[in-house]
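Shown next, in structure tokens, is the structure this report addresses.
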Protein chains: 2
Amino acid sequence: MVKENEVPGRLEWRVNMPNGSSRILATESRETCSRLQSLVMGIVLNIRGFLDKAWSLAVNEPKKVVHCLKVGLALSLVSVFYYMRPLYDGVGGNAMWAVMTVVVVFEYTVGSTLYKCVNRAIGTCLAGSLGIGVHWVASQAGDKFEPVILQVSVFLLAAAATFSRFIPTIKARFDYGAMIFILTFSLVSVSGYRVDKLVELAHERVSTIAIGASICIFITMILCPVWAGTELHHLISNNLEKLADSLEGYAAENFSVDGSKNVHEKDSSKRLQGYKCVLNSKAAEETMANFARWEPAHGKFNFRHPWKQYLKIGASMRSCAYCIETLHGGINSNTETPEFLKKPLNDVCMRLTTSSSKVLKEMSSMIKTMKNSTKLDILVDEMNSTVEGLQNSLKIFPSYQHIPTPDPATEETPNGTEEPSLKPTALSLMEIVQMATLTSLLVEIASRIEGIVEEVKELASQAEFRDESSKKSKQTQTEINGNDGNEHEVTVKTLQQV
Amino acid sequence: MVKENEVPGRLEWRVNMPNGSSRILATESRETCSRLQSLVMGIVLNIRGFLDKAWSLAVNEPKKVVHCLKVGLALSLVSVFYYMRPLYDGVGGNAMWAVMTVVVVFEYTVGSTLYKCVNRAIGTCLAGSLGIGVHWVASQAGDKFEPVILQVSVFLLAAAATFSRFIPTIKARFDYGAMIFILTFSLVSVSGYRVDKLVELAHERVSTIAIGASICIFITMILCPVWAGTELHHLISNNLEKLADSLEGYAAENFSVDGSKNVHEKDSSKRLQGYKCVLNSKAAEETMANFARWEPAHGKFNFRHPWKQYLKIGASMRSCAYCIETLHGGINSNTETPEFLKKPLNDVCMRLTTSSSKVLKEMSSMIKTMKNSTKLDILVDEMNSTVEGLQNSLKIFPSYQHIPTPDPATEETPNGTEEPSLKPTALSLMEIVQMATLTSLLVEIASRIEGIVEEVKELASQAEFRDESSKKSKQTQTEINGNDGNEHEVTVKTLQQV
């Protein structure tokens with residue numbers, strides 16, 4: 001084994017044996033060494049890659065780092081209950097529950113923290129009182145039946161609560177509460193069999209949970225709060241802009257006459273892919289909207305801000321993104337559109353994408369600033385008239401071509417400079433198919449953008465966006481104007497807010 | 001107030017007052033009564049609706065009901081530790097941890113239960129040992145520094161662990177473990193300040209958690225197990241079928257000559273919407289694939305079954321579904337395609353959708369049975385040749401029309417029975433646009449279906465689907481054949497399985 005791999009002049013690994021002789025380290029051992037080395041190197045590289053990724057995450061999203069520090073702070077605060085003798089004597093060994101509450105309840109956004117706090121509180125109280133009740137009933141039934149009643153009640157209630165978690169409406173709002181209900185009920189009804197001072201225990205436990213929850217709520221709402229509602233608001237507005245970018249990027253790549261598409265190759269390809277974010281943001285939107293309704297009024301948002309409307313905007317945006325995806329996917333065709341049609345259609349397509357993306361951008365800035373836009377209607381009209389223009393030009397363009405010679409080498413000739421002895425030749429459908437698909441997809445995209453416009457307008461009316469010109473909310477205006485016939489409007493608004 | 005609403009002959013509500021007189025119940029009170037009534041009715045109706053929903057859920061998905069019973073059973077089993085004196089003396093008051101483990105860890109699928117068990121075990125052990133270590137260091141530092149060291153360590157480790165939960169790779173596999181790590185570490189390092197017998201406590205706690213976890217694993221794997229992997233497998237195979245149904249439904253509605261589309265109106269509209277399930281199943285697929293890799297070998301699936309490949313199939317299916325959505329969205333056009341083009345193109349479109357949906361159905365059944373299909377390649381070839389046929393017919397069809405009279409009322413005439421004095425008239429692009437878009441979308445869908453075929457074939461090779469003809473796995477064959485040159489293949493397969 002050793003001999004066959006020996007090479008003269010090569011570095012040898014010698015090991016001194018106990019009997020005085022020395023042995024060359026076998027190739028196997030050397031191989032093991034190098035394998036070990038590469039393994040260690042691999043691990044080091046992996047760890048380095050991981051740390052690099054973590055670092056870039058921290059740099060890109062400092063909010064998340066702040067959240068981590070907040071968790072650390074909350075836990076430090078809650079552990080003070082252990083270290084300070086008077087506080088410890090107050091809550092006793094149950095301080096554990098406060099720690100547990102902080103760890104489990106503290107979430108990234110204010111909404112999810114509140115959701116968990118409220119759910120934990122409701123679940124604990126409901127299950128606690130029910131548990132004590134069942135325990136009292138069981139204790140009346142005598143020693144023999146007590147465990148049976150407790151067992152059966154645990155079985156039935158746990159099964160029922162678990163089933164309720166499958167029902168969508170419960171799942172959306174009280175999933176965590178149902179779990180806490182099962183947990184608390186089992187603990188109370190089971191431990192009640194041993195611990196006699198049940199009510200006192202329950203009181204202590206609830207108070208420690210309250211301490212933990214209030215520390216969480218305090219820290220999450222005071223120190224750099226991350227509101228689920230605000231995040232959702234920004235997500236929707238950014239997604240609108242990304243859709244616009246995708247459309248513009250597509251237009252720049254396919255319809256532009258000059259070579260401007262090569263200027264920022266990398267940047268533009270990133271912009272082009274914007275629609276993919278829209279396609280994949282459904283789950284995030286739903287989670288955020290779910291948490292947002294637990295949040296109190298903050299910033300520009302009321303307590304009853306119409307978060308559900310954002311989901312509708314999201315849905316219509318996705319429906320538009322499907323079309324854009326199809327567009328980007330490349331319309332499959334082997335033949336090129338004849339040049340004489342391409343030029344003028346390119347122009348009108350370019351105009352349409354530009355006006356479509358203008359509408360999208362206007363909506364994005366409208367949502368961002370929460371102001372009604374006077375320009376939006378104008379831009380939509382413009383988009384619609386461009387659509388009409390496109391359709392008209394389709395009606396005008398004939399499906400035949402003036403070809404100078406029988407062979408179809410029209411594309412090579414310098415376009416439109418000289419036109420000798422032309423003869424109208426009918427195009428085959430194949431030659432038109434790509435351009436036709438392109439235009440009708442663009443028209444479809446425009447009509448889907450109108451769907452988004454509807455939803456955004458609905459949001460604007462529900463959330464009472466301010467008028468751009470007056471820069472004051474409608475409500476303040478009506479209040480200033482007094483009761484000059486606007487009473488009804490004020491009442492309606494107040495009712496909507498209740 | 002009372003007078004203005006009184007009506008002669010109307011039923012009155014009288015209340016006898018303490019001073020002997022009687023008073024007519026004011027309209028307000030009556031209104032309150034009726035409001036209360038309607039409120040109660042509303043609540044009753046709501047509860048009834050809720051129960052109806054729950055009942056239909058239970059009927060449609062009996063698996064979920066079984067899961068609920070399993071949770072009840074697990075909790076009943078674990079509470080036995082409390083009721084039976086010898087067991088209680090064994091684990092003491094820490095039995096609480098067993099109950100908590102069961103409630104928190106028991107999930108719907110085997111994979112997610114295992115994921116949580118393993119995460120809980122790793123998190124608890126890691127944090128426990130680290131906590132004891134930190135506690136030892138702190139105890140060496142003297143009374144003054146002990147709380148400081150503990151506080152700082154809790155702050156730093158909690159922040160670091162929370163941050164790790166934001167990193168996608170950690171989030172996918174160890175999110176729950178990181179939370180348990182923070183929880184256990186804080187509890188150990190904090191409570192260690194008071195409780196002296198720390199190691200003993202840790203031992204008890206770990207053993208109770210082990211009891212809870214093993215009860216969960218036992219019940220979830222033995223009694224009607226729901227495997228995340230199997231669910232994913234069925235989801236993908238069903239989604240393929242739904243895509244096929246959507247295509248067929250579209251074809252039946254748009255290309256069929258006879259009135260067959262009205263036969264099962266409701267049923268067909270449900271089938272038509274099948275693609276929407278595909279559009280929305282990304283999150284479910286990812287969750288299931290994530291849990292599936294925690295599952296041991298079960299049914300037809302090895303431990304190393306290529307679950308990730310299912311995600312790739314899902315992605316390519318969604319890309320196809322985007323196109324189908326665009327197709328279903330209705331190609332926006334105001335003019336109809338001229339009848340003389342519609343008929344033959346309808347035929348070829350019908351053929352294309354039929355062959356496309358055949359390919360999809362074949363893949364669905366291939367995944368369902370986990371057998372290689374000999375027909376798949378033939379069907380793909382057929383689909384491709386239909387695409388070519390479509391493109392050829394596009395090349396052949398001229399873009400002009402033989403019109404008998406100047407007015408465009410061709411559609412009213414009985415088609416193709418008599419053709420008096422025709423004159424070729426060029427079509428405008430507008431008249432062709434809809435049909436052109438339709439055909440090119442269908443071609444695009446076919447090309448995306450080919451993308452799915454690639455991914456499914458990759459799955460078949462990775463998961464070693466059996467051959468349809470032999471009905472025996474390749475591996476068994478090679479093992480039977482002995483070492484006749486197939487050694488390499490066996491080795492490769494064995495390596496893949498390691």
Side-chain angles (χ1 to χ4, degrees), chain A residues 53-54 57 64-65 67-69 71-72 75-76 79 82-83 96 99-100 103 147 151 154-156 158-159 162-163 166-167 179 182-183 186-187 190-191 193-194 283 322-323 325-326 329 331-333 391 394-395 397-400 426-430 432-434 436-437 439-440 443-444 447, chain B residues 53-54 57 64-65 67-69 71-72 75-76 79 82-83 96 99-100 103 147 151 154-156 158-159 162-163 166-167 179 182-183 186-187 190-191 193-194 283 322-323 325-326 329 331-333 391 394-395 397-400 426-430 432-434 436-437 439-440 443-444 447:
Chain A
K53 224 188 273 174
L57 181 74
K64 290 189 171 167
V65 179
H67 168 71
C68 299
L69 299 179
V71 172
L75 274 175
S76 306
S79 60
Y82 257 86
Y83 301 131
M96 189 195 86
V99 174
M100 195 175 278
V103 173
Q151 281 277 27
V154 165
F155 181 86
L156 287 182
T162 307
F163 184 73
F166 285 123
I167 300 166
M179 200 188 78
I182 304 173
L183 177 62
S186 332
L187 284 184
V190 160
S191 69
Y193 190 52
R194 296 286 157 194
Y322 297 147
C323 262
E325 207 270 352
T326 314
I331 310 307
N332 193 292
S333 173
Q391 282 169 340
L394 283 182
K395 276 178 197 152
F397 283 130
S399 53
Y400 53 82
L427 294 168
S428 80
L429 287 184
M430 197 65 193
I432 309 162
V433 130
Q434 191 176 17
T437 311
T439 52
S440 77
V443 170
E444 178 71 18
S447 91
Chain B
K53 223 187 273 173
L57 181 74
K64 290 189 172 166
V65 179
H67 169 70
C68 300
L69 299 180
V71 172
L75 274 175
S76 306
S79 61
Y82 257 86
Y83 301 130
M96 190 195 85
V99 174
M100 194 175 279
V103 174
Q151 281 276 26
V154 165
F155 180 87
L156 287 181
T162 307
F163 185 73
F166 285 122
I167 300 166
M179 200 187 78
I182 303 173
L183 178 62
S186 332
L187 284 183
V190 160
S191 68
Y193 189 53
R194 296 285 156 193
Y322 296 148
C323 262
E325 206 272 350
T326 313
I331 309 308
N332 194 291
S333 173
Q391 282 168 341
L394 284 181
K395 275 179 199 153
F397 284 130
S399 52
Y400 53 82
L427 294 168
S428 77
L429 286 184
M430 195 66 193
I432 310 162
V433 130
Q434 191 177 16
T437 311
T439 51
S440 77
V443 170
E444 178 70 18
S447 91

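The figures here come from the full heavy-atom set of this structure, side chains too, leaving out hydrogens, waters and symmetry mates. None of these values were measured; they are calculated from a predicted model. Below, read A as the first sequence line, B as the second, and so on, with proteins coming before strands; counting in each chain starts at 1.
- For the pair B:Glu325 and A:Glu325, the minimum side-chain heavy-atom distance is 4.5 Å or more.
- With sequence neighbours left out, B:Leu57 forms a side-chain contact (heavy atoms from CB on, under 4.5 Å) with A:Phe163, A:Phe166, A:Ile167, B:Glu61.
- Contact detail for A:Cys68 and B:Thr162: the closest heavy-atom pair is SG-C, 3.8 Å.
- Scanning all heavy atoms of the two residues, the minimum distance from A:Thr437 to B:Ala436 falls at OG1-O, 3.7 Å.
- If you measure heavy-atom distances from A:Lys53 to chain B, the contacts under 4.5 Å come from the side chain alone.
- Atom CG of A:Leu187 is separated from atom CE of B:Met100 by 5.5 Å, given to the nearest 0.5 angstrom.
- For the residue pair A:Phe155 and B:Gly72, the shortest heavy atom distance occurs at CD1-C, 3.3 Å.
- The minimum heavy-atom distance linking A:Ala158 with B:Leu75 is given by the pair CB-CD1, 3.5 Å.
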